Undergrad: 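Structure provided below as C-alpha cells; questions to follow.
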Amino acid sequence: MRIALVHDWLDTWRGGEQVLAELCRIFGAADLFALVDYLPESDRAKLGNRHVATSFLQRMPLAGRDFRLWLPLFPRAIESLDVSRYDLVVSSSHAVAKGVRTNRRQLHICYCYTPMRYAWDLRAQYLAQTGLARGIRGWLAGRVLDRLREWDRAASGRVDHFLASSRHVAERIRRAYGRESTVIYPPVAAAGNAAVSNATASSAIAARRASVEPFYVTVSQLVPYKRVDLIVAAFRSLPDRRLVVIGDGPERERIRALATPSVRIAGRLPDDERDRLLAGAAAFVFAAEEDFGIAPLEAQAFGTPVIALGRGGALETIRGLDDAAPTGVLFAEQSAACITEAVRTFEANRHRIDPDACAANARRFDAARFRDELDTFVRARWDEFAASRAAA
C-alpha cells in the first residue's frame with residue numbers, strides 16, 4: 001500500500017507536529033507533503049529526517065519570512081500537491097491539508113485539530129492582528145475569508161473519514177461541515193515515559209514541597225488567541241509570586257512590555273530545560289480556549305497541577321476541584337482578574353491535588369494509546385474500502 005501524509009505546513013514544533021511525528025512512526029514508509037517546510041534542523045530528526053514535498057508557496061517572495069502573507073493562495077497551493085499515485089492519504093489538518101485533491105480510488109482519512117481558524121472562529125482576531133479590520137483593505141480581507149470558508153466547507157467533502165482531536169472539535173466539525181467524526185485524543189509524549197511518571201515526577205514533587213518560593217509556569221506559542229498577556233497581567237497583581245513564560249511568537253515584545261520583575265519571559269527553551277521548569281513549578285497556568293491542549297497534559301505528566309480556562313479541550317483533560325481526584329483549578333472567564341482569583345483558589349486547595357493523580361490523568365493520553373487507536377481505525381476503514389472497491 002502506498003501512503004501519503006499531508007500536513008498543513010512545517011515552520012515550528014507544536015502539538016500538531018507532535019501528532020505528525022507519531023503518524024510518521026505509524027506509517028514508516030509514507031511520503032510527506034506540506035505547503036511549506038521551514039522546520040528548524042533541530043526538530044527535523046523528530047520526523048525521521050524524511051524529505052518533505054512542498055507546494056509552489058515555498059518559492060514565493062517573502063515566504064521564508066512569513067508565508068502566511070499568501071493566505072489567499074493556500075487552497076490553490078494544497079490542491080497543487082500531487083498525491084494521485086497513493087492508495088491511502090492521511091491528512092493532518094488545522095487549516096487546509098484536508099483539501100488535498102484525491103479521487104474515488106483513494107481512501108482519505110483526516111486527523112482534524114479544528115476547522116480552519118482563519119475562516120471560522122478566529123476571523124475577527126486574524127483581521128485585527130494583521131491590521132485589516134477596517135476600511136477598504138478590511139473589506140477585501142473579509143471577502144477573502146468568506147471565500148476561504150466556502151472553500152473549506154466544500155473541501156471537507158474530499159475526506160472519507162474524519163478523526164477529531166477532542167469531543168469539542170468533533171462538535172465543531174459537525175457544525176462547520178455537517179460531518180460526523182471519531183475522537184482519538186492526541187499523544188502526550190511525556191505521559192507514557194515511565195521515567196517521567198515515576199522518578200522525575202517524584203523528585204519534582206519533593207522539590208515543590210521543599211521550595212520556600214514556588215513559581216508558576218506557562219508554555220505557549222505567543223500569539224493573540226493564547227491570551228498569555230492575561231496571565232502576565234494577572235501576575236502584576238500577584239507581585240510576590242514568580243511566573244516563567246516559555247515560548248516565542250509575534251506577541252513576545254508586547255508581553256515583555258507587560259511583565260514585572262517577578263515575570264521571566266524565557267523564550268523558547270531546549271526540551272530538557274523546559275521539562276525541568278514544568279516539573280518544578282507549583283502549577284501550570286493556561287488561559288487559551290483550546291481545541292485540545294497538549295501543554296497542560298505535559299505538565300500533569302510531571303505531577304504538576306494546572307490552572308486553566310474551563311472551556312474547550314480543557315474540560316476533557318483537566319479534573320477540576322469538584323472531581324474526587326482533582327488535577328487542577330478551572331476558571332470561568334478569560335480575564336486577568338479571573339486568573340488572579342484562580343491562583344488564590346489553587347493555593348487554598350493545593351493540598352487536595354495529588355501529584356500522582358495528575359500523572360495518572362496524563363497517562364490516559366500516552367503515545368502508545370494513540371498509535372494503537374489510530375492504527376486500529378485506519379486498518380478497519382482500509383479493509384472496508386478495499387472490500388467495496390473489489391466489489392465494484
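Just so it is clear, the structure is predicted and the values come from calculations on it, not from any experiment. Index from 1, following the sequence.
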Undergrad: Hey, could you give me each pair passing side-chain hydrogen bond (donor to acceptor under 3.5 Å, both in side chains) that has a residue in residues 382-392? Not counting sequence neighbours.
TA: Arg381-Glu384
Undergrad: Taking the basic N atoms (NZ, or NE/NH1/NH2) and the acidic carboxylate oxygens, is any pair closer than 4.0 Å for Arg268 and Asp271?
TA: no
Undergrad: Charged N to carboxylate O below 4.0 Å: is that the case for Lys46 and Asp43?
TA: yes
Undergrad: Please say yes or no: joined through hydrophobic side-chain contacts below 4.5 Å, possibly via intermediate residues, are Leu32 and Tyr111 part of one cluster?
TA: yes
Undergrad: Salt bridge (charged side-chain N to carboxylate O under 4.0 Å, His left out) for Glu251 and Arg254? Distances and angles first, verdict last.
TA: CA-CA 5 Å; Glu251 289 271 281; Arg254 188 175 81 85; 2.8 Å; yes
Undergrad: Should we say atom CZ of Arg147 is surrounded by more than 12 heavy atoms from elsewhere, each under 6.0 Å from it?
TA: no
Undergrad: Taking distance alone, no hydrogens or angles, what donor-acceptor pairs closer than 3.5 Å link side-chain atoms of residues 243-250 to residues at least two apart or in another chain?
TA:
from: Asp248; atom 1: OD2; to: Arg252; atom 2: NH1; distance (Å): 3.4

Undergrad: Does Arg276 make a cation-pi contact with Phe302 (under 6.0 Å, within 45 degrees of the axis)?
TA: no
Undergrad: Regarding Asp82 and Arg101, does a basic nitrogen lie under 4.0 Å from an acidic carboxylate oxygen?
TA: no
Undergrad: Could you tell me how the ring of Tyr216 sits relative to the ring of Phe346: parallel (under 30°), tilted (30 to 60°) or perpendicular (over 60°)?
TA: perpendicular
Undergrad: Do Arg25 and Glu22 meet the salt-bridge criterion of a basic N to acidic O distance under 4.0 Å?
TA: yes
Undergrad: Charged N to carboxylate O under 4.0 angstrom, Arg352 versus Asp323?
TA: no
Undergrad: Holding to side-chain contact (heavy atoms from CB on, under 4.5 Å), I want the full list of residues that pass it with Arg167, two or more places apart in sequence or in another chain.
TA: Val183, Tyr185, Glu316
